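Here's the structure we're looking at; comments come further down.
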Protein chains: 2
Amino acid sequence: MSTAAARHQRLHSELRERICLLDYPPGTKLSEEALAAEFGTSRTPLRRVLARLEDEGLVESRHGIGTLVTDVDMALMAQVYDLRLHLAALAGQLDPLPVTPGVRAEIRDFVTRGEALLAAPDPRAFAALNSAYHRFGLSLTGNAPLRETAARLYYLTARIWLTSIPRMNLTSECAIFLGEMRETETALAAGDTAAAALIRRAHISMSVHRMTR
Amino acid sequence: MSTAAARHQRLHSELRERICLLDYPPGTKLSEEALAAEFGTSRTPLRRVLARLEDEGLVESRHGIGTLVTDVDMALMAQVYDLRLHLAALAGQLDPLPVTPGVRAEIRDFVTRGEALLAAPDPRAFAALNSAYHRFGLSLTGNAPLRETAARLYYLTARIWLTSIPRMNLTSECAIFLGEMRETETALAAGDTAAAALIRRAHISMSVHRMTR
DNA sequence: ACAGCCACAGTTGTGCACAACTGTCTAGCT
DNA sequence: AGCTAGACAGTTGTGCACAACTGTGGCTGT
């Protein structure tokens, strides 16, 4: 049963990932016709996906020109980061979910994947793991609007890291990331989701500090 | 010069207002064809507006059924209010804008309109003034993502007050509202936007408390 | 040589016809 | 009478053709 809504979600996630992983760098012209052909539909359903991406600030459609991937406005992104910091901390205060054995298994798995990443550093793999880890952090709160809002803002800033990493030390970043996950594992082992959220907030803050230096 | 984007904004605002003022109560079936005829377009541009409203959680389109105004889920709304409380306080911390003479004139005007409302209490006029006052409160921060996020969440909960007012004391609510605006005027006269934001947060909290009693 | 204009290719936006889907009502059978 | 199947009206979803718009490149007149 492949409903229209399901396909919409699929295409939206796919295009969003391509944009955030810089498969479509800022300024790329997305052809409605080409994408429609690739996904085996007509322009109509695809246009709805692009409209949503435009509402989310990831693309911009101009009549007669094309649909362009937005460029990363650092002044705006600084504001988004400011907001994300507070939302990250809120994830531990608003409706914190109990730490189940399943959650503990998840964070253990993340630590394992982080160790693998540190053994073989790779920007794209880092970005992918970071994205998954972000979703995991959000899963610790039962507040649905907070989850959606934080996710929306995350995808706005997701591209910055990949553009900054050439000027940074990749191995060092992987080690720091692994350290954050280990700290979080400790916090969650004690059932302290609020502490886990504060760890996340601290690391987002420090990450911004390293990127903008 | 009436571009497509401008019309999209116009129709979006118009329909959102009709939903939030309960001109379209929850469960109302919005006919794409009828609305398209009313606004003098075809279904195509109108469908994009409805799609955006659906992404914002105000309507829900079902194939073969219709596009229905969502009902107000109190469990979800409680979560939205939790989040809104913190965002209201953040408006005074993140990029607080200087209190210009223009701002002082605005809040003075709001107090005047509040006095007029108290003299002739009316639910719809209250809701309209509250909406305008909410936008004013957001204008005190320079953080654009915070403004957009708070606005989005506001419109999600805007309908609750109108549905609760029959069980409340309208005149009392008007008096409390006027009191909040006067307090805010004092805070802004002192140039203290952070205090203004905290006043707003406190009143949102107390308002929720009165509604859910 | 240069400036201005026009035709054109390429893109998004719009309108319309039809497909897909859902709930209801009715006719017919048991 | 009750039940089932099928036609039907009404709605959203899709595909396609065309309108509207933009930038470019060449052509022409001076």
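Owing to the predicted nature of the structure, the values given are computational and were not obtained by experimental measurement. Below, read A as the first sequence line, B as the second, and so on, with proteins coming before strands; counting in each chain starts at 1.
- Computed from coordinates, the A/L35 CG to C/dT11 P distance equals 12 Å when rounded to whole Å.
- In this structure a side-chain-to-backbone donor-acceptor pair under 3.5 Å is missing from A/T193 to A/P96.
- In this structure a side-chain-to-backbone donor-acceptor pair under 3.5 Å is missing from B/E56 to B/L156.
- In this structure, B/L68 reaches neither bases nor backbone, as no heavy-atom distance under 4.0 Å exists between it and the strands shown.
- Residue contacts shown for A/E32 are limited to sugar-phosphate atoms, with no base heavy atom under 4.0 Å away.
- Here the P atom of nucleotide D/dG13 and the CG atom of A/L11 are 15 Å apart, to the nearest Å.
- Between the side chain of A/R147 and the backbone N or O of A/T141 there is at least one donor-acceptor pair closer than 3.5 Å.
- B/L30 comes within contact range of the sugar-phosphate backbone alone, with a heavy-atom separation under 4.0 Å but no base atom that close.
- Residue side chain B/R43 reaches the base of D/dG13 through a donor-acceptor N/O pair under 3.5 Å, judged by distance alone.
- The NE2 atom of B/H63 sits 10 Å away from the P atom of D/dT12 (whole-angstrom rounding).
- Atom CZ in B/R47 sits roughly 13 Å away from atom C1' in C/dC16 (whole-Å rounding).
- Listed candidates were C/dT12, D/dT12, C/dG15. Nearest to the side chain of A/S61 is C/dT12.
- Residue whose closest nucleotide on DNA chain D sits further toward the 5' end, between B/G64 and A/A4: B/G64.
- Taking 4.0 angstrom as the limit, B/T67 places a side-chain polar atom (N or O) nearer than this to OP1 or OP2 of D/dT12.
- One atom, CG of B/L50, and another, P of D/dT12, lie 8 Å apart when rounded to the nearest Å.
- Residue-environment remark: CD (A/E33) stays at or below the threshold of 12 foreign heavy atoms within 6.0 Å.
- Comparing atom distances between the A/I65 side chain and each of D/dT22, C/dT12, D/dG15 picks out D/dT22 as nearest.
- No hydrogens or angles were tested; on distance alone, nothing pairs the side chain of A/R7 with the base of D/dG13 as donor and acceptor under 3.5 Å.
- Here the C1' atom of nucleotide D/dC16 and the CG atom of A/L46 are 15 Å apart, to the nearest Å.
- For the pair A/K29 NZ and C/dT11 C1', the interatomic distance rounds to 7 Å; values are reported in whole Å.
- In this structure, B/E33 places its CD atom 14 Å from C1' of D/dG13, rounding to the nearest Å.
- Cation-pi contact between B/R16 and B/Y155: present, with separation from the ring centre below 6.0 Å and deviation from the ring axis of at most 45°.
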